[in-house]
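Shown next, in structure tokens, is the structure this report addresses.
Proteins come first, then strands; the chains are lettered A, B, ... in the order of their sequence lines, and each starts at number 1. Treat the numbers as computed from the prediction; the structure is a model and nothing was measured.
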Amino acid sequence: MSAGTRPPGADLPEHPDHLWREPDPKRSYDVVIVGGGGHGLATAHYLARAHGITNVAVLERGWLAGGNMARNTTIIRSNYLWDESAAVYEFALKLWEGLEAELDYPLLFSQRGVLNLAHSLQDVRDSVRRVEANRLGGIDAEWLDADGVREVCPIVDISPAARYPVLGGTYQPRAGIAKHDHVAWALARSADAAGVDLIQGCEVTGIDVRGGRVTGVRTTRGSIAAGRVALCAAGHTSVLAAMAGFELPLQSHPLQALVSELLEPVHPTVVMSNAVHVYVSQAHKGELVMGAGIDAYTAYTQRGAFHVVERQMAAALELFPVFARAHVLRTWGGIVDVTPDASPIVGRSPVAGLYLNCGWGTGGFKATPGAGAILAHTVAHDEPHPLARPFSLDRFTTGALVDEHGAAAVAH
Amino acid sequence: MLLIPCPWCGPRDEAEFTYGGQAHVPYPRDPAALTDEEWARYLFFRDNPKGPHAERWCHTISCRRWFNVVRDTATNEVLAAYRIGEAGPVIS
Ligand SMILES: Cc1cc2nc3c(=O)[nH]c(=O)nc-3n(C[C@H](O)[C@H](O)[C@H](O)COP(=O)(O)OP(=O)(O)OC[C@H]3O[C@@H](n4cnc5c(N)ncnc54)[C@H](O)[C@@H]3O)c2cc1C
Ligand SMILES: [Zn+2]
């Protein structure tokens with residue numbers, strides 16, 4: 001079908017009216033998951049499907065997947081620097097590769113590759129180092145020179161006179177994007193069908209701890225007893241930890257993104273540039289999807305400042321002069337929970353029976369199935385999944401940080 | 001964009017400032033005496049409330065001075081701004 005004969009987006013599937021029930025909360029559950037974003041829903045799915053644990057509730061203060069799950073720019077990749085992170089994100093990427101079949105739902109998972117541009121000699125060195133590290137770890141990664149970049153994405157300005165000269169880039173062919181809403185709905189449908197209660201409009205306002213062990217949660221829809229509680233609250237995790245009496249090394253920041261109006265296909269892959277602070281892909285429907293780094297201050301407002309957007313647009317125009325006449329259709333923000341080493345915290349908390357899954361910051365969408373599988377295992381066995389072990393809370397005391405600032409700061 | 005009241009220059013756009021994180025975090029008096037837990041707290045743990053937050057800002061492109069602000073992180077309302085060395089307001 002040639003572009004132009006059918007409007008962009010015409011081939012997206014229709015959805016049934018209802019994909020899950022609307023149950024009232026029961027008085028008690030074996031497992032309560034706080035937060036109905038991608039991670040909470042994936043955890044419920046794997047608790048039921050991989051561990052046979054179905055007496056489970058997912059409590060969501062707003063509507064399902066209305067937080068960062070609805071606001072992210074859906075970049076999926078596994079080309080992180082350190083073995084610990086590459087292992088976790090590659091585990092997730094492998095799950096993505098089978099997820100449409102597993103959930104029997106179209107996720108528009110598109111392995112169109114991700115390019116990370118290098119603009120300076122130091123960028124080149126860091127990039128080549130990361131490519132080599134990835135290859136040693138069995139992850140598909142290539143170093144492309146400027147011509148190679150243009151071959152993958154012809155609209156990038158690689159001329160030597162460009163304001164931000166492109167010296168090359170890393171490329172992960174198996175990376176890509178997916179449709180975030182579909183992912184959430186498919187996970188929700190699967191968990192619901194297995195008997196999990198997905199409860200919307202239910203804010204957790206307190207966490208009951210007795211003798212160092214969690215016993216339940218208080219909510220805007222009453223008290224709910226729980227054998228185990230898993231926190232999947234992303235930007236609000238610090239608020240929940242405070243309810244349970246401990247603190248976490250998290251800072252909650254606004255992170256913004258935007259889309260252009262629908263355009264004909266011009267951008268075949270995903271391009272990111274850490275140095276000039278912007279990344280761009282083109283959604284299936286045709287919008288250019290762009291984002292950058294976090295707003296500097298901490299906030300829970302789900303909005304950021306316009307000058308941050310303006311700066312990222314300026315950078316995008318230098319890299320993609322062809323975008324000069326595109327219009328911004330919509331900008332928005334989410335609240336991301338950032339750790340000191342730009343790596344997540346997954347595993348036990350100081351309270352027995354209360355498990356952490358947080359700190360995914362600007363890059364947790366790509367981890368969705370992986371985070372869910374690992375957390376479900378951790379909750380089911382009261383024992384961190386082997387892939388989660390390096391991401392324990394106590395790494396900030398032992399000093400065994402997993403510093404991914406190079407691979408995960410502006411790049412999501 | 002925030003409107004931040006610099007105690008020296010008056011209200012200016014956020015774009016003129018640099019954010020400096022939580023205010024009133026003293027450097028440990030005897031770092032070598034800290035336990036690993038205490039050192040970790042100093043290095044990595046900062047307040048992250050949904051509500052009033054005492055924080056530092058620097059008026060980078062004007063007076064270039066650091067000062068403190070109390071801002072409600074749920075609304076972005078600036079509740080107070082005061083000079084370094086001055087006591088912060090009591091916010092209940
Ligand atoms: C603009 C933007 C762009 C991004 N781009 C990417 C990207 O390209 N690639 C990538 O990998 N990642 C990206 N991310 C990060 C990614 O979105 C997050 O890391 C990930 O979505 C977090 O997991 P989640 O889906 O479970 O979070 P969320 O969807 O935020 O789920 C947390 C849920 O917890 C609920 N909650 C909070 N407190 C309570 C309470 N007290 N009681 C009940 N419920 C509560 C919230 O309402 C929310 O629905 C981006 C984020 C943003 C904001
Ligand atoms: Zn000033």
Hey, what's the ring geometry for B/F17 with B/W57, parallel, tilted or perpendicular (30° and 60° as the breaks)?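 It falls in the perpendicular class, over 60°.
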Report the option among [options] that has the most heavy-atom pairs separated by less than 4.5 Å from atoms of chain A.
options                    : result
B/H53, B/R41, B/Q22        : B/R41
B/L2, B/L43, B/T75         : B/L2
B/E14, B/E38, B/R46, B/E37 : B/E14

How close do A/A299 and B/N76 get, heavy atom to heavy atom, and via which atoms? CB-OD1, 4.0 Å
Heavy-atom closest pair (A/M69 atom, A/G37 atom, distance to 0.1 Å) is CB-CA, 4.2 Å
Of the listed A/P249, A/A305, A/G399, A/S238, the one with the largest count of heavy-atom pairs under 4.5 Å with chain B is A/P249
Determine the option with the most heavy-atom pairs under 4.5 angstrom with chain B, choosing from A/S252, A/G304, A/A242, A/A241. A/S252
So, B/R71 and B/E55, do they make that salt bridge, N to O below 4.0 Å?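 Here B/R71 pairs with B/E55 in a salt bridge, since their nearest N and O are under 4.0 Å apart.
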Would you call A/D341 and A/R395 a salt bridge, taking side-chain N to carboxylate O under 4.0 Å as the test? yes
Just how far is it from atom OG1 of A/T398 to atom CG of B/D36, taken to the nearest 0.5 Å?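 Reported value, rounded in 0.5 Å steps: 8.5 Å.
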May I ask you to check whether A/H253 and A/Y297 place their ring centers less than 6.0 Å from one another?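 No, too far apart.
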Which of residues 346-360 of chain A have a heavy atom under 4.5 Å from any heavy atom of chain B? none
Counting only heavy atoms not in A/D403, do more than 12 fall under 6.0 Å of its CG? yes
Both conditions, 6.0 Å and 45 degrees, for the charged tip of A/R303 above the ring of A/W332: are they met here? no
Under 4.5 Å heavy-atom distance to chain A, tell me which part of B/A15 shows up: side chain, backbone, both or neither.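 Contact with chain A is through both the backbone and side chain of B/A15.
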Side chain, backbone, both or neither: which part of A/I335 has a heavy atom under 4.5 Å from chain B? neither
